[in-house]
Peer 1: 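My questions all concern the structure below.
In what follows, every chain begins at residue 1, and chains take the letters A, B, ... in the order their sequences are listed. It should be emphasised that the depicted structure is a prediction, and the values quoted were computed from it without experimental measurement.
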Amino acid sequence: MKSAEGRGRTLDEAVDVALIELGESRRNVDVRVISESPGETVVEVTVIDHSVAPVIGTAAPANGKAETARSVVEGLLKHMGVRAQVTVRTAADPITIDISGRDLGALIGWRGETLRALQSVTNVMLGKQLAEGERVIVDVERYRQRREHTVREIALRAARQVKMTGDAITLDAMQAFERRAIHLALQDDPDVGSSSIGEEPDRRVVVGPRKPETS
Amino acid sequence: MPGRAAAERIRKAIALVNAVADGAGDEDLTPTEIAEAIRDCLELSEIEQGSNVRKYLGEALDAVSDGMPADFVAMTLYAALGALGESRSGS
């Protein structure tokens, strides 16, 4: 997997340096902050491998469930009159089904609502074939993956600001999977933590200084 | 706009169910809270008696009571939202 290190005064600058070296755009990469200090931020930028998706129609050899899920999604799209490619994202845990094609905006819907509904229907249809707690993720044109990357970047930027100012930052209202991405992005940060406030669907993540553990 | 309050309440119920399904790990939702959110939708007078919206909401409430998976409840609520959209575009 192609990756590059970037250095800059700010997170944005560091990412941009790495992106120029890789010749990639932001939507195609994953960013990991290596170190941060008031004067310099160092990041590792890794290109997301879009080529790993198997060819349509071929079963994922090691995972019959994934192939069943792919068939279910393909069938649903056929009934909906949507022409698209349906593939299984390899090495993805949980099982992730990618839908790609032209003009699939309607399949994503307002704030990803249609996509989320499609995922619910898929999981209900797979029903007993999935183990307890196991779920299939459905993604259209990597919308969900891009959202996760975006919120992760927002989280890292907020964390950096919190470290500089010491003040907590309340982010915009987000869906559960987006909040989860933020909590995971900051879980290993020794100085900054995240929590959520408010009620659905206006629940927001607060990024703030980590409180010292009381013993 | 008629139906707007209903759409907002159904979306709230969906968000609660999705939060359970997606497991953000930052809240502890109980079936009672989800059932309350669905009952809030059913209390709205703008949802007509005998309409498909009410039917799907009733089914979602039953699904919560029966301990059905979150995705099943979500699917039923999406159906209610869809039926609401149809009734609004038809009126």
Peer 1: Just how far is it from atom OH of Tyr78(B) to atom CD of Gln119(A), taken to the nearest 0.5 Å?
Peer 2: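 The OH atom of Tyr78(B) sits 8.5 Å away from the CD atom of Gln119(A).
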Peer 1: Might you confirm whether atom CD of Glu8(B) has over 12 heavy atoms from other residues, nucleotides or ligands at distances under 6.0 Å?
Peer 2: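 Enclosed.
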Peer 1: Sort Arg203(A) into side chain, backbone, both or neither according to what part of it lies under 4.5 angstrom from a heavy atom of chain B.
Peer 2: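 Side chain only.
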Peer 1: CG of Leu118(A) to CE of Met75(B): how many Å apart, nearest 0.5 Å?
Peer 2: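 Here the interatomic distance stands at 12.0 Å.
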Peer 1: Might you confirm whether atom CG of Asp172(A) has over 12 heavy atoms from other residues, nucleotides or ligands at distances under 6.0 Å?
Peer 2: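 Counting other residues, nucleotides and ligands, CG of Asp172(A) stays at 12 neighbours or fewer.
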Peer 1: Minimum heavy-atom separation for Arg180(A) and Asp22(B), please, with both atom names.
Peer 2: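 Of all heavy-atom pairs spanning Arg180(A) and Asp22(B), the closest is CD-O, 3.5 Å.
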Peer 1: Got more than 12 heavy atoms from elsewhere within 6.0 Å of CD, Glu48(B)?
Peer 2: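 It does not: Glu48(B) CD has 12 such atoms or fewer within range.
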Peer 1: Do you know which of Leu29(B), Leu77(B), Asn18(B) has the most heavy-atom pairs under 4.5 Å to chain A?
Peer 2: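 Winner by heavy-atom pair count: Asn18(B).
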Peer 1: Give the minimum heavy-atom separation between Ala176(A) and Ala19(B), together with the two atoms involved.
Peer 2: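 In terms of heavy atoms, the two residues are closest at CB-CA, 3.6 Å.
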Peer 1: Any side-chain heavy atom of Arg11(B) within less than 4.5 Å of one from Glu200(A)?
Peer 2: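 Answer no - side chains too far apart.
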Peer 1: Please report the shortest heavy-atom distance between Ala21(B) and Arg135(A), naming the atom on each side.
Peer 2: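 That closest heavy-atom pairing would be O-NH1, 3.4 Å.
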Peer 1: What part of Ile14(B) lies closer than 4.5 angstrom to a heavy atom of chain A: side chain, backbone, both or neither?
Peer 2: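 No part of Ile14(B) comes within 4.5 Å of chain A.
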Peer 1: Taking side chain as C-beta onward, heavy atoms only, is Glu113(A) less than 4.5 Å from Leu81(B)?
Peer 2: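 They are in contact (side-chain heavy atoms under 4.5 Å apart), so the answer is yes.
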Peer 1: Heavy-atom distances under 4.5 Å only: say whether Glu178(A) touches chain B with side chain, backbone, both or neither.
Peer 2: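 Neither part; nothing is under 4.5 Å.
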Peer 1: Does Arg204(A) CZ have over 12 foreign heavy atoms under 6.0 Å away?
Peer 2: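 Atom CZ in Arg204(A) is packed in, count exceeds 12.
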